[in-house]
Amino acid sequence: MCMVSSPLFILFRPQHLSGLETVRDLCGGKLEKAEIGSTEIVFTPGKIKGGALTSDTKTAGSVCLLLQVSLPCILFAESPSELILKGGTNAEMAPQIDYTTMVFKPIAEHFTFKLDCDIKRRGYYPRGGGEIIVRVPPVKHLNPINLVDRGTVTKIYGRAFVAGVLPYKMVKDMASAALRCIRREMRDLHVNIQTVQEPKDGAFGNGSGIIIVAETSTGCLLAGSSLGKKGVTADQVGNEAAEILLRNLRHGGCVDEYLQDQLIIFMALADGISQVRTGPLTLHTQTAIHFAELLTKVGMIEIGNMQTCI
């Protein structure tokens, strides 16, 4: 049984509750006192069986957050898992689905597991309506990772999109602004940003955004992303994504600030010693380390900006 009780632990949003309910259903466990605004929950896990499961935030709550909480569980299920996750695919305060497929997936698979993520429909704030299908075969163990040599940036690529009634010109403006920003610091490197008008049957509602990924000679992936919002120009959205990418390239780490915390649980569950060179630790990462140490009894050591899990 696991009990979390703290005035600081508040289930602010529906996707947090949906995430807890998803884990409960994955293992046939019991979840008590969990509701929007809860400051105490009691979770009693059972066996993780795998199979098919649908989880729906019924809002624009992030499907990527549902995946984050589910993945460490289904990796150790008794059989392969197929999750249908519904909600927002490109939501504020959460990884965009493009970040999950373009950055998180290839790096996390270094732990030697397979993650198949099929985007059936994109969904945006405020209505959600997105859907992804995730398929994961179980593993016996995870291998440790060693991401300590950033290497040099060899290519930069990305994806800018609009959906619904938003004009295609916005995509061009986002991509052009991002390119101008990058060129101020990296003049000679080729930059390829795909511009996309989402098909009507592939997206629900109106949305826009951009993600830009830098790939290095050692296989590291770092990214910056931004979503369109009311009162913010397309140029500003493109600039923001590019500035976030450049900021993460300046610190010399092998992962960006948004991947740090997502890797901690897998480092803790892997056999052996994992090492990851990061930039300054985010509060999310510090929190992930704290709970990983509590729940798994592993030790996390920080030397400079090197995270070591033993």
Chemist: Would you mind listing every salt bridge (charged side-chain N to carboxylate O under 4.0 Å, His left out) that reaches into residues 56-75, with sequence neighbours excluded?
Modeler: none
Chemist: First locate atom CD of Glu215, then atom NZ of Lys155, and finally report the distance between them rounded to the nearest 0.5 Å.
Modeler: 4.5 Å
Chemist: Got a donor-acceptor contact below 3.5 angstrom from the Ser176 side chain to the Asp173 backbone?
Modeler: no
Chemist: Any link between Val134 and Leu65 through a network of hydrophobic side chains (Ile, Leu, Val, Met, Phe, Trp, Tyr) touching at under 4.5 Å?
Modeler: no
Chemist: Hey, could you give me the OG/CG distance between Ser81 and Leu71, rounded to the nearest 0.5 Å?
Modeler: 9.5 Å
Chemist: Listed by chain and number, what are the ring-ring contact (aromatic ring centres under 6.0 Å, His included) partners of Tyr124, not counting sequence neighbours?
Modeler: Phe161
Chemist: Do any pairs count as a ring-ring contact (aromatic ring centres under 6.0 Å, His included) and have a residue in residues 253-275, sequence neighbours left out, and if so which ones?
Modeler: Phe111-Phe266, Phe113-Phe266
Chemist: Tell me yes or no: between the side chains of Asn143 and His141, is some donor less than 3.5 Å from an acceptor?
Modeler: yes
Chemist: Looking at Thr44 and Gly29, would you say the former's side chain and the latter's main chain have a donor-acceptor pair under 3.5 Å?
Modeler: no
Chemist: Would you sort out whether Val23 and Phe43 count as a side chain to side chain contact (heavy atoms under 4.5 Å, CB included), showing the intermediate values?
Modeler: CA-CA 10 Å; Val23 173; Phe43 175 62; 3.7 Å; yes
Chemist: Any donor and acceptor pair, going by atom type alone, linking the side chain of Glu109 with main-chain N or O of Leu115 inside 3.5 Å?
Modeler: yes
Chemist: Step by step, work out the side chain to side chain contact (heavy atoms under 4.5 Å, CB included) result for Leu67 and Val63.
Modeler: CA-CA 6 Å; Leu67 175 59; Val63 296; over 6 Å; no
Chemist: Roughly how far apart are His16 NE2 and Leu66 CG, rounded to 0.5 Å?
Modeler: 9.5 Å
Chemist: Of the non-hydrogen atoms in Gln197 and Gly164, which two are nearest, and what is the gap between them?
Modeler: NE2-O, 3.9 Å
Chemist: Kindly list each side-chain donor-acceptor pair under 3.5 angstrom involving residues 95-102, sequence neighbours excluded, with atom names and distances?
Modeler:
{"from": "Gln96", "atom 1": "OE1", "to": "Asn90", "atom 2": "ND2", "distance (Å)": "2.8"}
{"from": "Asp98", "atom 1": "OD1", "to": "Arg122", "atom 2": "NH1", "distance (Å)": "3.2"}
{"from": "Asp98", "atom 1": "OD1", "to": "Arg122", "atom 2": "NH2", "distance (Å)": "2.8"}
{"from": "Asp98", "atom 1": "OD2", "to": "Asn90", "atom 2": "ND2", "distance (Å)": "3.0"}
{"from": "Asp98", "atom 1": "OD2", "to": "Arg122", "atom 2": "NH1", "distance (Å)": "3.1"}
{"from": "Tyr99", "atom 1": "OH", "to": "Asp256", "atom 2": "OD1", "distance (Å)": "2.7"}
{"from": "Tyr99", "atom 1": "OH", "to": "Asp256", "atom 2": "OD2", "distance (Å)": "3.0"}
{"from": "Tyr99", "atom 1": "OH", "to": "Leu259", "atom 2": "N", "distance (Å)": "3.3"}
{"from": "Thr101", "atom 1": "OG1", "to": "Ile97", "atom 2": "O", "distance (Å)": "3.3"}
{"from": "Thr101", "atom 1": "OG1", "to": "Asp98", "atom 2": "O", "distance (Å)": "3.2"}

Chemist: With clusters defined by side-chain heavy atoms of hydrophobic residues (ILVMFWY) lying less than 4.5 Å apart, directly or transitively, does Leu85 cluster with Phe204?
Modeler: no
Chemist: Return the set of residues passing salt bridge (Lys or Arg N to Asp or Glu O under 4.0 Å) with Lys200 (not counting sequence neighbours), or none when no residue passes.
Modeler: none
Chemist: Please report the interatomic distance CD1(Ile133) to NZ(Lys86), rounded to the nearest 0.5 Å.
Modeler: 9.5 Å
Chemist: Sequence neighbours left out, what passes salt bridge (Lys or Arg N to Asp or Glu O under 4.0 Å) with Asp235? Give chain and number order.
Modeler: Arg180
Chemist: Would you call Pro80 and Pro138 a side-chain contact if the rule is heavy atoms closer than 4.5 Å?
Modeler: yes
Chemist: Can you tell me which residue pairs pass the side chain to side chain donor-acceptor pair (under 3.5 Å) test with a partner in residues 280-295, sequence neighbours excluded?
Modeler: Gln260-Thr285, Thr282-Thr285
Chemist: Answer yes or no: does atom CZ of Arg127 have more than 12 heavy-atom neighbours from other residues, nucleotides or ligands under 6.0 Å?
Modeler: no
Chemist: What's the shortest heavy-atom distance between Pro45 and Cys27, and which atoms?
Modeler: CA-SG, 3.8 Å
Chemist: For side chain to side chain contact (heavy atoms under 4.5 Å, CB included), just list the numbers for Ile132 and Asp118, CA-CA rounded to whole Å, side-chain angles, deciding distance to a tenth of an Å, and then say yes or no.
Modeler: CA-CA 6 Å; Ile132 66 171; Asp118 184 10; over 6 Å; no
Chemist: Sort and list the pairs that fulfil salt bridge (charged side-chain N to carboxylate O under 4.0 Å, His left out) and have at least one residue in residues 131-149, not counting sequence neighbours.
Modeler: Glu82-Arg135, Asp116-Arg135, Arg121-Glu131
Chemist: Only counting residues at least two apart or in another chain, list the ones meeting salt bridge (Lys or Arg N to Asp or Glu O under 4.0 Å) with Lys229.
Modeler: Glu92
Chemist: Members other than Tyr168 in its cluster, when Ile, Leu, Val, Met, Phe, Trp, Tyr link by side-chain heavy atoms under 4.5 Å?
Modeler: Val153, Ile156, Val162, Leu166, Met170, Val171, Met174, Leu179, Ile182, Met186, Leu189, Val191, Ile193, Ile210, Ile212, Leu222, Val232, Val237, Leu245, Leu246, Leu249
Chemist: Under 4.5 Å between side-chain heavy atoms, counting indirect links through other Ile/Leu/Val/Met/Phe/Trp/Tyr residues: same cluster for Ile41 and Val69 or not?
Modeler: yes
Chemist: Looking at residues at least two apart in the chain, or sitting in another chain, which of them share a side-chain hydrogen bond (donor to acceptor under 3.5 Å, both in side chains) with Glu243?
Modeler: none
Chemist: Could you give me the CA-CA distance, side-chain angles and deciding distance for Ser70 and Leu26, then say whether side chain to side chain contact (heavy atoms under 4.5 Å, CB included) is met?
Modeler: CA-CA 8 Å; Ser70 304; Leu26 284 170; 4.0 Å; yes
Chemist: Got a sec: does the CZ of Phe76 have more than 12 other heavy atoms crowding it under 6.0 Å?
Modeler: yes
Chemist: Distance-only, no hydrogens or angles: does the Thr216 side chain make a donor-acceptor pair with backbone N or O of Thr154 under 3.5 Å?
Modeler: no
Chemist: Give a yes or no on whether Lys49 atom NZ has more than 12 heavy-atom contacts from other residues, nucleotides or ligands under 6.0 Å away.
Modeler: no
Chemist: Over all heavy atoms of both residues, which pair between Ser55 and Ser18 is shortest? Give the atoms and the distance, please.
Modeler: OG-O, 3.9 Å
Chemist: Is there a path of hydrophobic side-chain contacts, each under 4.5 Å between heavy atoms of I, L, V, M, F, W or Y residues, that connects Leu83 with Ile48?
Modeler: no
Chemist: As an exercise, state the distance from SG of Cys64 to CD of Gln262, rounded to the nearest 0.5 Å.
Modeler: 8.5 Å
Chemist: Atom CG of Leu147 and atom CG of Leu263: how far apart are they, to the nearest 0.5 Å?
Modeler: 7.0 Å
Chemist: Using the test salt bridge (Lys or Arg N to Asp or Glu O under 4.0 Å), find all partners of Glu185 that sit at least two apart in sequence or belong to another chain.
Modeler: Arg250
